[in-house]
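Read the structure below first, then the notes.
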Amino acid sequence: MSTTTPAAPPAPPRAPKAALFHPTVARLTYRALLGRRRALILFALPTLLVVLAIAVRALANADDSTAGGILGGFALGTMVPLIGVIAGTGAIGPEIDDGSVVYLLAKPVTRPTIIFTKLLVAIGVTVVFSSLPVLLAGYLLNGNSQQMAVGYAVAAAIASVAYSALFLLFGTLTRHAVVFGLVYALVWEALMGTLIPGAKTLSVQQWALAVGQRVAAEGAITSDVGLPTAICLLVGLTVVATWYAGRRLKSLTLTGEE
């Protein structure tokens, strides 16, 4: 008499891995960032840069030195961090302020997915409204002489990533994220990060300029930070800020904060 062994029960299905990007969260974030008030500010800063470049080229026939002063001083030193403040804090800050983040956290979406999606949206908005106008302004000022327009545009794009992560973190830490972001952008980056030698090492602007320095012709763009150090600091800031923003968003759920 033959015996048959019972078949093993089927293994339970594995839970699908959570994606790092959620289209619905991205769509809502884009809608919040490109609302009427924020859109006006986002368009005003690049427009001012382009108008300034046209005026300088028409009235003074700008040389490489003038182009570097405008692109490095106004664009990288003021415009890019301000756009980063608007996009980074605006990606999540208003939802925390008005309490609508509770409805988002109630959805079956992981906290890292929410943060990473909002970070990608903030980066995209910041790059479009900073790097592209810098490239256009550079061509208007000196026709991309010594690859300055491309170098500064690359620096603006690199800075956009770090600024977006930093200011997104600010949005999860405090209800006054815009104020803290403006203090950082206008006081630390535009003032101390330019004038105080020790502070330059901790300036996102200088880290981004180190990358732009490699892209442009030799001597066209200068930075007080070496390229290896700048890359490590840029990656470190972006990763740590994104990770801690996710932890902070999780704590909002656990403590019942709005």
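Note that the numbering runs from 1 along the sequence shown for the chain. Note that the structure is predicted; figures quoted are calculated from it, not measured.
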Margin query: Let's go through Thr24 and Val109 carefully: what are the C-alpha distance in whole Å and the side-chain angles of both, what is the deciding distance for side-chain contact (heavy atoms from CB on, under 4.5 Å) to 0.1 Å, and is it a yes or a no?
Written below: CA-CA 10 Å; Thr24 302; Val109 184; over 6 Å; no
Notebook entry, point to check: Okay, side chain of Asn144, backbone of Ala149: is any donor-acceptor separation there less than 3.5 Å?
Noted result: yes
Check: Please walk me through it: do Ile92 and Ile115 pass side-chain contact (heavy atoms from CB on, under 4.5 Å)?
Finding: CA-CA 9 Å; Ile92 196 169; Ile115 289 296; 4.0 Å; yes
Item checked: Side-chain heavy-atom pair Val25, Thr113 within 4.5 angstrom cut-off -> no
Item checked: Greater than 12 external heavy atoms within 6.0 Å of Arg214's CZ -> no
Notebook entry, point to check: In a check of side chain to side chain contact (heavy atoms under 4.5 Å, CB included) between Phe129 and each of Leu45, Ile86, Ile83, which one passes?
Noted result: Ile83
Note to self: I want to check something: taking the side chain as every heavy atom from C-beta on, are Asn142 and Met148 in contact at a cut-off of under 4.5 Å?
What the structure shows: yes
Note to self: Tell me whether Phe21 at atom CZ has more than 12 heavy atoms from other residues, nucleotides or ligands lying less than 6.0 Å away.
What the structure shows: yes
Next item on the list: Over all heavy atoms of both residues, which pair between Leu71 and Ala137 is shortest? Give the atoms and the distance, please.
Entry: CD2-CB, 4.1 Å
Next item on the list: Taking Gln205 for its side chain and Gly72 for its backbone only, find out whether a donor-acceptor pair lies under 3.5 Å.
Entry: yes
Item checked: Pairwise distance CG(Leu76) to CD(Gln206) - rounded to 0.5 angstrom -> 9.5 Å
Notebook entry, point to check: Yes or no on side-chain contact (heavy atoms from CB on, under 4.5 Å) for Leu82 and Leu182, after CA distance, side-chain angles and deciding distance?
Noted result: CA-CA 7 Å; Leu82 285 179; Leu182 290 175; 3.5 Å; yes
Check: Should the pair Tyr163 and Phe167 be assigned to parallel (<30°), tilted (30 to 60°) or perpendicular (>60°) ring geometry?
Finding: parallel
Next item on the list: Side-chain contact test, heavy atoms from C-beta onward, threshold under 4.5 Å: evaluate it for Leu119 versus Ser164 and give yes or no.
Entry: yes
Notebook entry, point to check: Side chains of Glu189 and Ser203: is there a donor and an acceptor less than 3.5 Å apart?
Noted result: yes
Next item on the list: Drop me the distance from Trp207's CH2 to Thr229's OG1, to the nearest 0.5 angstrom.
Entry: 10.5 Å
Check: So, Thr78 side chain and Ala75 main chain: donor-acceptor pair closer than 3.5 Å or not?
Finding: no
Check: Just by distance, do the side chain of Ser131 and the backbone of Val127 share a donor-acceptor pair under 3.5 Å?
Finding: no
Notebook entry, point to check: Do Val85 and Tyr184 pass the side-chain contact (heavy atoms from CB on, under 4.5 Å) test, and can you show the C-alpha distance, the side-chain angles, and the key distance before you say yes or no?
Noted result: CA-CA 9 Å; Val85 170; Tyr184 178 87; over 6 Å; no
Note to self: With heavy-atom distances below 4.5 Å as the criterion, would you say the side chains of Arg31 and Leu28 are in contact?
What the structure shows: yes
Check: Asp64 side chain to Ser145 main-chain N or O, any donor-acceptor pair under 3.5 Å?
Finding: no
Checklist line | Distance in Å, Leu166 CG paired with Tyr244 OH, rounded so as to fall on 0.5 Å steps | finding: 13.5 Å
Check: Is the backbone N or O of Leu249 less than 3.5 Å from a side-chain atom of Arg111, with the two atoms forming a donor-acceptor pair by type?
Finding: no
Next item on the list: Compare all side-chain heavy atoms of Leu169 with those of Thr242 and state whether any distance is below 4.5 angstrom.
Entry: no
Margin query: To the closest 0.5 Å, what do you measure between OG1 (Thr238) and CG (Leu168)?
Written below: 11.0 Å
Next item on the list: Answer yes or no: is there a side-chain heavy-atom contact under 4.5 Å between Lys118 and Val121?
Entry: no
Next item on the list: Determine the sole option in Ile221, Val225, Ile158, Asp224 for which the side chain to side chain contact (heavy atoms under 4.5 Å, CB included) test with Leu209 is passed.
Entry: Ile221
